[in-house]
Amino acid sequence: MKISITEHKLPKSGALVIGILKGGVLPATAKQLDKASKGAITKAMKASRFTGAKGQWLDVLAPAGIGADRVLLGGIGEAKKLDRQILENFGGTAYQRLSKCGLKSIAIACDPVKGAKVDLAEGAASLAYGARLASYRFDKYRTTLKAKDLPSVSALSVLVSGSTTAARKQFKALDAIADGVFMTRDLVSEPANVLYPESMAKECQTLSKLGVKVEVLNEARMEKLGMGALLGVGQGSPRESRMVVMRWQGAGAKTQPVAFVGKGVTFDTGGISLKPGPGMEMMKWDMGGAGTVIGLMKALAGRKAKANVIGVVGLVENMPDGHAQRPGDIVKSMSGQTIEILNTDAEGRLVLADALWYTQDRFKPQFMVNLATLTGAMIIALGHENAGLFSNNDKLSQQLFDAGQEVAEGVWRMPLSDAYDKKINCAIADMKNIGGRDAGSITAAQFLQRYVNKVPWAHLDIAGVAWADSGKPTVPKGGTGWGVRMLDRLVANHYEGGK
Ligand code: BES
Ligand code: MN
Ligand code: ZN
């Protein structure tokens, strides 16, 4: 869909979307339309108890005296509460309500609102961004869709009553972030027969067009580096494992980089500790952490972030096989620490152990944030509303929490301590890869922490948020792309333009 921000000129056809404030207060464009239609707008509002409360929507079809084929009124609530998130959701919902209506274009009127938390430019950019995020589809494998099942709308414009320059500039950066979110959603949605370590590494290489330096480590290279933990997970699969290092150099050479590390298990059968059949297909998105890291790199490079950023993803497929790793096997990680594998389904932490160690060792980052669909227990604890945050650093934790609140990708901090750490002590190796049934997400995090030295580090367990069975205004159901927006915010808020 083509999205643009244009000067305020009422359309001669298509759908026109107007926000109405709580109490039925009409912004300038709505007043203009009401007059042109001899009161049809206010009449329609009265005839349906439409008060402009947030979340109310009202279709006014074919109103006389107005060029547009239909007008969609949406409640935007109180002026003083009007912020980016409300406007993104408004743009997203408006798109979703109209995308298949049969018309070809949507115009959303954006008037200045006194007392709002955003100015006109930010408001217009937010509306356009919300619509863009909502327009995501993954239908490349649907060969029999009929025209009526597909969007009819091919263009959306936000009409700004004022200068468009600032709004366009802001939207350009947001559009680049949406490109990153879409890439993550695509990666997470692809099935494992198409997306496996090697093909996923190829996807990473497409970022070189944007100026990202991409390096792919094959199994021979990882063996030389001593990555026995990661390689053990992949050894039952005919697909070779990969590690990919992506580098975006948006700041001076002297600026220490920040690093993001992702779990990329392209399919997790559980291995010899095989998972039960029902629902196993979900494990195609067990590469969601890596997917977010890749989408984030795309977003940052796309908007030319003034930061030095490293993205590292460990890509493996966890399969049962004659060559697969067995329960009881002992592997040696790159750090030198040995691990007794008591459950081959606790594989994500093994992949991350080597990816984290490698990242801190080679790049000496300011911080490391890793993302992983690590534990089912995380979904039991926090459901699908927040990702779990585990960290050795209060400042980084607060920055992550705040960034999450800004973009509606929430995190909730979970504890770490020696008492939990003890649970993975082992009699025959340096540690075991599971800690028992209790506090499963925390013992998994403790395991990761054993591969982190003094560097500020945070682990985001995204098992509950990487995939959605029901949609939200700007997040259609399916792969969510969770984390791209909040980590982009984290970088923008604290790690750009400094030093
Ligand atoms: N990838 C899974 C975790 C997962 C489960 C993510 C459901 C999303 C939805 C992970 O590799 C796993 O299997 N974890 C085990 C750990 C256990 C064996 C200690 C789990 O959560 O059951
Ligand atoms: Mn597993
Ligand atoms: Zn897994």
Side-chain angles (χ1 to χ4, degrees), residues 188-189 192 195-197 200 229-230 232-237 239 241 261-292 313-321 324-329 339-355 370-388 390 414 420 423-424 426 431-448 459-469 478-480 482-483:
V188 164
S189 305
L195 198 77
Y196 45 90
M200 199 164 163
L230 183 150
V233 177
Q235 97 192 16
S237 169
R239 314 277 200 196
S241 303
V261 179
K263 166 181 172 181
V265 176
T266 56
F267 198 82
D268 181 14
T269 63
I272 296 297
S273 313
L274 194 63
K275 284 184 183 295
M280 200 201 276
E281 72 284 351
M282 290 195 289
M283 287 300 108
K284 74 171 182 182
W285 49 264
D286 207 21
M287 34 54 69
T292 296
V313 292
L315 309 178
V316 303
E317 185 180 53
N318 189 20
M319 295 292 264
D321 179 78
Q325 161 162 282
R326 293 150 291 248
D329 283 5
I339 307 157
E340 185 186 17
I341 311 294
L342 289 181
N343 188 322
T344 64
D345 196 12
E347 85 298 339
R349 63 199 76 183
L350 299 167
V351 173
L352 286 172
D354 282 334
N370 76 256
L371 296 106
T373 48
L374 203 64
T375 61
M378 201 69 251
I379 310 176
I380 304 299
L382 296 178
H384 305 284
E385 302 310 320
N386 285 286
F390 302 80
M414 302 283 289
Y420 293 113
K423 306 256 188 210
I424 54 171
C426 176
M431 70 197 76
K432 49 192 186 186
N433 77 328
I434 51 170
R437 233 175 75 83
D438 301 350
S441 303
I442 307 176
T443 50
Q446 294 291 166
F447 184 97
L448 299 183
H459 153 52
L460 300 174
D461 192 333
I462 62 170
V465 293
W467 187 270
D469 289 329
T480 59
W482 191 99

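Atoms within each ligand, like the ligands themselves, are counted from 1 in listed order.
- Near the Mn ion (ligand 2), less than 2.8 Å away, sit the protein N, O or S atoms D268 OD2, D345 O, D345 OD1, E347 OE1.
- Evaluated by nearest non-hydrogen atom to atom 8 (C) of ligand 1, the leading choice among K275, M282, M283 is M283.
- Considering every non-hydrogen atom in both L230 and S241, the closest pair reads CD2-CB, 4.0 Å.
- With contacts defined as side-chain heavy-atom distances shorter than 4.5 Å, the pair I379/H384 qualifies.
- Across all their heavy atoms, T480 and W467 have their closest contact at CG2-C, 4.0 Å.
- Ligand 1 has I379 within reach: a non-hydrogen atom of the residue lies less than 4.0 Å from it.
- You'll find the side chain of K263 stays beyond 4.5 Å of the side chain of N370, heavy atoms only.
- Among all protein heavy atoms, the one lying closest to atom 18 (C) of ligand 1 is N343 ND2, 3.5 Å.
- The protein non-hydrogen atom at the shortest distance from atom 2 (C) of ligand 1 is D268 OD2, 3.6 Å.
- Residue-ligand proximity, A463 to ligand 1, at heavy-atom distances under 4.0 Å covers atoms 6 (C), 8 (C).
- Taking every heavy atom of T373 and a limit of under 4.0 angstrom, the matching atoms of ligand 1 come to 1 (N), 2 (C), 3 (C), 6 (C).
- Side-chain contact between T266 and R239 is absent, with no heavy-atom pair separated by less than 4.5 Å.
- The OE2 atom of E347 and the OD2 atom of D268 meet at the Zn ion (ligand 3) at an angle of about 90°, given to 10°.
- Proximity to K263 (heavy-atom distance under 4.0 Å) selects the following atoms of ligand 1: 1 (N), 10 (C), 11 (O).
- The protein heavy atom nearest to atom 1 (N) of ligand 1 is D286 OD1, 2.8 Å.
- Considering both main-chain and side-chain atoms, T375 never comes within under 3.5 Å of ligand 1 through any nitrogen or oxygen pair.
- Looking at I272, D345, N343, N433 one by one, the single match for side chain to side chain contact (heavy atoms under 4.5 Å, CB included) with P327 turns out to be I272.
- The ligand atoms of ligand 1 that sit less than 4.0 angstrom from a heavy atom of G376 are 3 (C), 4 (C), 5 (C), 20 (C), 21 (O).
- Here the protein heavy atom with the shortest distance to atom 16 (C) of ligand 1 is R349 NH2, 3.8 Å.
- Contact check for I339 versus F447: side-chain heavy atoms found under the 4.5 Å cut-off.
- Of the candidates A346, G435, G348, the one placing a heavy atom closest to atom 17 (C) of ligand 1 is A346.
- The minimum heavy-atom distance linking G388 with M378 is given by the pair CA-CE, 3.7 Å.
- Remark: I424 CD1 to E340 CD distance equals 12.5 Å, nearest 0.5 Å.
- A 4.5 Å side-chain heavy-atom check between T269 and E347 finds every atom pair outside the cut-off.
- Only the backbone of L374 comes within 4.0 Å of ligand 1, judged by heavy-atom distances.
- Polar contact with ligand 1: present for D345 (N/O pair, distance under 3.5 Å).
- Distance from atom 19 (C) of ligand 1 to its nearest protein heavy atom, with residue and atom name: I434 CG2, 3.5 Å.
- For ligand 1 and E347, the ligand atoms under 4.0 Å from any heavy atom of the residue are 11 (O).
- Remark: of the listed residues T373, L315, L374, N318, N318 is the sole one forming a side chain to side chain contact (heavy atoms under 4.5 Å, CB included) with V265.
- Taking every heavy atom of both residues into account, S441 and T375 meet most closely at OG-OG1, 2.8 Å.
- Across every non-hydrogen atom of A192 and K284, the tightest pair is N-CB, 4.4 Å.
- No side-chain heavy atom of M414 sits less than 4.5 Å from a side-chain heavy atom of D461.
- The closest approach between any non-hydrogen atom of W285 and ligand 1 is below 4.0 Å.
- Distances from atom 21 (O) of ligand 1 to the protein include at least one heavy-atom value under 4.0 Å.
- One N or O on the side chain of S273 and one on the backbone of T344 form a donor-acceptor pair closer than 3.5 Å.
- Rounding to 10°, one obtains 90° for the angle at the Zn ion (ligand 3) between OD2 (D286) and NZ (K263).
- Within a 6.0 Å sphere centred on NZ of K423, other residues, nucleotides and ligands contribute 12 heavy atoms or fewer.
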